[in-house]
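One-based numbering, in listed order, for ligands and for the atoms of each.
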Amino acid sequence: MNLINLEDEENKKIRSLLIGEPKNDITELEGLVKTLGYEICRSVILNRIEQNPVYGIGSGKAQEISALAKELEIEIIIFDFEISPRKQRNWEKLVKIPVIDRQEVILRIFASRAQTKEAVLQVQLAQLEYARPRLAHSYGDMARQRGGNFGSKGSGETQLELDSRKIREKIQQLKKQLAQVVRDRETQRKRREKIPLPSCALAGYTNAGKSSLLNALTGADVFVEDKLFATLDPTTRKLQLKSSIKTSENEKGFSTNILLTDTVGFISNLPHALVNAFKSTLEEAQRANLILLVLDSSDEKIESQYFTVTKVLEEIGAEKTPSLIILNKIDKLQDNPARMAKLSELFPDAVKISAKTHEGFENLSEQICEQLLGKEISCTIPFENQNLLNEVRKTGIITEEIWLDDAVHIKLKGGELKKNPRLAALIAPFTEGNINENSK
Ligand code: GDP
Ligand code: MG
């Protein structure tokens, strides 16, 4: 940690000025900009946005911001709301420094974090699609910075036209490469699906601790750092879970292997180009048997985190996938029982853990088992129904079998039974309580 801070002091940080509006909480943008490594010199909240066609805000206000930028020696202005390519050009003309918006901040973060081939291609594509309409409106040299360096030196409009054509070609080329990567991933997935292990996907707001949790649970070497978006690529690991459910073979309980996949962090208003670009990555969440929805319990805005994540899950069609809410970082709340109680009230079914201290891991493991395998179902099979008992035995879902004077008492993996409706119907008359209720 200290090393990083020292380095930061040496490498002068880019001085930024943030412009927000009252309806959006600027702290999210501040977090994103810090993640990029920029210094935030000032955040200005505009009280009233006049729809001036030149700057999107009143020109008097624009002049004020320009003067403030000069005074504070600002090197980049960042808007928390989208600005059109034309307005962006007008701003850059006025302030003579780069002016970007939230979307570009996110794109830059993704670009700096992309690690696998797929992520690199996805980010490049999203960046170019974002840059294309902006290129023609870029001011002077800033065209070059936007969307990378295309072609050699040239001048004025002709160069821009050339760049624009090159961007189009490059986009086509990237799309082709990406399609191949997606096909490869599909093949990998099919291979993985042949091994019938239940799968869990870690989903959650960026910085909630997903990668730390994957690391802590599996010892996997996933990139972890105290910044947003430390992970871009889905990383799948095999994880052994111990359950206290006892089987006839193992008195001490059995262990189950599951696949656990890390996903990209979810943030509110993810730029559309990125949602598209990361579709295949986000699909991991959609295809999972269980989504582990990780929340940072030390974050004051935990409810909006939760809201953001569920909204993105809906957008990718994963709203029906069962999920387990995990309240992470509870080590930070040791001295705050009031907040702990409040969280229990807000998320009564959540599992409280700390990826740092491993507190709550046992319970987490139990809960995952229960969600994936279903609750145990108890049945009492009369001796004369030996055939039924034999049939159940063949499926291997019996976790306990006790012969008593009155009948055979067995316990079954509820989740497995649910997958076999015929058997479930046969066994229903001998079940205590309702099967579906029990195995939900
Ligand atoms: P991700 O973006 O969801 O993958 O989050 P990371 O796993 O990269 O974690 C973000 C930051 O939170 C890192 O600095 C972690 O060290 C920290 N962190 C993660 N889990 C815990 C935890 O249980 N307790 C504490 N105190 N910090 C944590
Ligand atoms: Mg991560």
**Student:** Are A208 and ligand 1 in contact, using a heavy-atom cut-off of under 4.0 Å?
**Tutor:** yes

**Student:** Between G360, G209, A203, flag the one that comes closest to atom 5 (O) of ligand 1 by a heavy atom.
**Tutor:** G209

**Student:** For atom 28 (C) of ligand 1, which candidate among K329, E359, K210 holds the nearest heavy atom?
**Tutor:** K329

**Student:** Is Y205 close to D299 at the side-chain level, that is, under 4.5 Å between some pair of heavy atoms?
**Tutor:**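 They are not in side-chain contact.
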
**Student:** Do K175 and I171 touch side chain to side chain, with heavy atoms closer than 4.5 Å?
**Tutor:**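 They are in side-chain contact.
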
**Student:** Tell me, please, which residues at least two apart from E64 pass salt bridge (charged side-chain N to carboxylate O under 4.0 Å, His left out).
**Tutor:** K61

**Student:** Tell me every residue that passes salt bridge (charged side-chain N to carboxylate O under 4.0 Å, His left out) with K356, counting only those two or more places apart in sequence or in another chain.
**Tutor:** none

**Student:** Under 3.5 Å between any N/O of I330 and any N/O of ligand 1: does that happen in this structure?
**Tutor:** no

**Student:** Kindly indicate whether the side chain of R132, heavy atoms from C-beta on, has any atom under 4.5 Å from the side chain of R168.
**Tutor:** yes

**Student:** Specify side chain, backbone, both or neither for N207, according to which of its non-hydrogen atoms lie closer than 4.0 Å to ligand 1.
**Tutor:** both

**Student:** Taking N or O atoms only and a 3.5 Å limit, does K332 qualify as a polar contact for ligand 1?
**Tutor:**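 In this structure, K332 places no N or O atom under 3.5 Å from an N or O of ligand 1.
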
